[in-house]
Amino acid sequence: MYSLTAILHATDRSADSLRLEEREIPTPGPDEVLVRLGYSPVNPADLNVLSGTYGERLELPGVPGNEGAGVVRALGSAVTSCEEGDVVIAPRCAGFWQQYRCFPAAELVVVPPGISERDAAILSVNPATAWLMLREFVPLKAGDWIVQNAANSAVGQWVAQFAKARGLHTANVVRSQAAVDLLLELGADCCVLDVTNFANQLRQAITGPCPLALNGVGGENARQLTRALQTRGTLVTYGAMSRENLSVGGGQLIFKDLRFVGFWVSAWLRQASAVALQSLFAEIAHTILAENLRFPQSKLFPLTALADAISASEAGGTKVLLEL
Ligand SMILES: NC(=O)c1ccc[n+]([C@@H]2O[C@H](COP(=O)([O-])OP(=O)(O)OC[C@H]3O[C@@H](n4cnc5c(N)ncnc54)[C@H](OP(=O)(O)O)[C@@H]3O)[C@@H](O)[C@H]2O)c1
């Protein structure tokens, strides 16, 4: 039996660098699980993998796709942690742009029935990033404020929703009125447009302590975020959508004694114990279901329209999901 697999041969963006090829469906080893992958997004990180500019290189030829979800189809003889028919994710694995794949059973997280396979495909990266950035850097208490840019990104939408679920307030920077409307629907407390000196508006809107800023953009935009932070506040940088270097105001740094740190969810997940991994996704899934949180909207493309899916992701405006 054969199935389709996307294989990256080079990062030169030539027409031939990413090809769909037929491969034999693998048989799981004793500790492995065969999964029929159903959906996988084209995230900004995938675009960087394709162009060879991500934090780690894909060994070529290799299968791209940093996250996804599928249904268990066959179990190795020693596997007891999941069953045929379970929807699963594999948050520490890559290579999701293919129809069938064997995973080590220990790497799989079973997704609870309330979350669809399609939504599960975008559970590993962005919700975990938002959740961990709210947990790992600053002790936050109900009533605290968080300020973030790219707030309508998938990460930003999760930040706004998880924060609200914890009784935290968010001040959000976006680039369009449609994004303002979306964030307010998701429970954001305040939204400002990315205009010159937008920090002035943020400072007026923020009415309590603001110890944490989340930066997915960089450049001057990040400097404006720091102007809204309290003394000894922390700016966590997790993305650089503007592709501009972080701008740091010397006065802010010195007189407010700010902290600047980076966060990469892949590194966090890799160092996590099996227990920490399972409990992270159990907590995230529980919160999503208990609080009835909304997954970002996505547009579906069949795997056979991979080139169109990549162009749509590059154009932005919506999360792009491959139907595998
Ligand atoms: N460090 C980590 O562990 C980690 C994990 C997940 C994601 N990320 C990073 O987080 C960022 C967002 O990822 P995502 O999947 O949530 O993205 P997404 O849903 O595709 O959203 C992209 C966001 O970037 C904004 N944007 C695009 N170009 C911009 C520019 N030149 N200046 C300002 N904003 C710009 C978009 O705003 P408009 O809608 O206005 O265009 C949108 O809010 C990416 O950089 C991604 O690589 C990092």
Side-chain angles (χ1 to χ4, degrees), residues 40-51 53-56 64-68 91-92 94 119 121-137 148-162 170 172-183 186 188 191-196 198 213-225 235-247 260-272 280 284 294-299 309-322:
S40 174
V42 183
N43 281 327
D46 294 306
L47 300 177
N48 291 338
V49 168
L50 297 183
S51 58
T53 55
Y54 194 53
E56 61 194 349
N66 277 339
E67 67 171 332
R92 291 200 279 224
D119 284 341
I122 49 174
L123 189 62
S124 301
V125 174
N126 292 327
T129 301
W131 186 273
L132 290 166
M133 289 195 301
L134 292 176
R135 192 182 85 181
E136 296 287 294
F137 297 101
Q148 64 164 340
N149 56 22
N152 64 320
S153 68
V155 173
Q157 291 182 44
W158 287 114
V159 165
Q161 294 188 91
F162 289 149
T170 56
N172 301 277
V173 184
V174 291
R175 301 196 298 176
S176 67
Q177 187 55 44
V180 170
D181 296 343
L182 170 68
L183 265 296
L186 295 178
C191 292
V192 306
L193 289 171
D194 177 1
V195 293
T196 307
F198 65 72
L214 303 176
N215 166 39
V217 174
E220 166 65 11
N221 190 308
R223 190 182 74 82
Q224 291 293 320
L225 286 193
L235 180 111
V236 179
T237 292
Y238 67 93
M241 290 305 296
S242 70
R243 303 205 175 268
E244 288 168 14
N245 285 329
L246 201 61
S247 174
F260 290 81
V261 294
F263 180 69
W264 188 24
V265 74
S266 306
W268 191 97
L269 292 170
R270 226 171 275 141
Q271 59 75 47
L280 171 69
I284 290 174
R294 222 202 276 172
F295 280 81
Q297 289 210 322
S298 55
K299 189 170 175 199
I310 290 167
S311 302
S313 179
E314 282 170 335
T318 181
K319 187 56 70 194
V320 169
L321 210 52
L322 292 168

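Fair warning: this is a prediction, and the values are worked out from it, not measured in the lab. All ligand and atom numbering here is 1-based and tracks the order in the structure.
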Check Val155 against ligand 1 and report side chain, backbone, both or neither, counting heavy atoms closer than 4.0 Å.
-> both
Among protein heavy atoms, which sits nearest to atom 44 (C) of ligand 1, and what does the distance come to when rounded to 0.1 Å?
-> Met241 SD, 3.3 Å
Applying a 4.0 Å heavy-atom criterion (strictly less than), which segment of Lys319 is in contact with ligand 1: side chain, backbone, both, or neither?
-> side chain
Hey, what do you get for CG (Asn149) to CZ (Arg175), rounding to the nearest 0.5 Å?
-> 10.5 Å
Shortest protein contact, atom 33 (C) of ligand 1 (heavy atom only) = Val217 CG1, 3.5 Å
Audit row: Asn66, Asn43, side-chain hydrogen bond (donor to acceptor under 3.5 Å, both in side chains) steps and yes/no = CA-CA 8 Å; Asn66 277 339; Asn43 281 327; over 6 Å; no
Arg92 side, atom CZ; Ser266 side, atom OG - distance, nearest 0.5 Å | 11.5 Å
Can you list the atoms of ligand 1 that are under 4.0 Å from a heavy atom of Thr129?
-> 3 (O), 5 (C), 6 (C)
Interfacing atoms of ligand 1 (cut-off 4.0 Å, heavy-atom, Val125) | 5 (C), 6 (C)
Between Gln161 and Arg294, is there a donor-acceptor pair closer than 3.5 Å when you use the side chain of the first and the backbone of the second?
-> yes
What's the spacing between Ile284 CD1 and Trp158 CH2 if we round to 0.5 Å?
-> 9.0 Å
Ligand 1 contact by Ser242, heavy-atom criterion under 4.0 angstrom = yes
To the nearest 0.5 Å, tell me how far Leu186 CG sits from Asp181 CG.
-> 11.0 Å
Yes or no on side-chain contact (heavy atoms from CB on, under 4.5 Å) for Phe260 and Thr237, after CA distance, side-chain angles and deciding distance?
-> CA-CA 8 Å; Phe260 290 81; Thr237 292; 5.8 Å; no
Atoms of ligand 1, numbered as shown, that sit under 4.0 Å from any heavy atom of Asn152 | 37 (O), 38 (P), 39 (O), 42 (C), 43 (O)
Quick one: does Gln271's side chain have a donor or acceptor within less than 3.5 Å of a partner on Trp268's backbone?
-> yes
Judged by atom type as modelled, is there a donor-acceptor pair below 3.5 Å linking the side chain of Gln148 to the main-chain atoms of Gly156?
-> yes
Considering only the protein, which heavy-atom contact is closest to atom 10 (O) of ligand 1, and what is its distance?
-> Tyr238 CE1, 3.2 Å
Winner among Phe263, Trp158, Trp268, Tyr54 once heavy atoms are compared against atom 1 (N) of ligand 1 = Phe263
Which ligand 1 atoms does Gly239 reach within 4.0 Å, using its non-hydrogen atoms?
-> 45 (O)
For atom 23 (C) of ligand 1, what's the nearest protein heavy atom and its distance?
-> Ser153 CB, 3.5 Å
For Val265, counting its heavy atoms only, list the atoms of ligand 1 lying under 4.0 Å from any of them.
-> 2 (C), 3 (O)
Among all protein heavy atoms, pick the one closest to atom 19 (O) of ligand 1 and tell me residue, atom and distance.
-> Ala154 N, 2.9 Å
Which part of Asn126 is near ligand 1, with near meaning a heavy atom under 4.0 Å away: side chain, backbone, both or neither?
-> side chain
Please answer whether the main-chain N or O of Val125 pairs with a side-chain N or O of Glu67 as donor and acceptor at a distance below 3.5 Å.
-> yes
Could you go step by step and tell me if Val159 and Asn172 meet the side-chain contact (heavy atoms from CB on, under 4.5 Å) rule?
-> CA-CA 10 Å; Val159 165; Asn172 301 277; 5.8 Å; no
Using heavy-atom distances, let me know which of Arg175, Glu244, Gln297, Met133 sits nearest atom 32 (N) of ligand 1.
-> Arg175
Option whose closest heavy atom lies nearest to atom 17 (O) of ligand 1, chosen from Pro296, Ala45, Pro127, Pro44 = Pro44
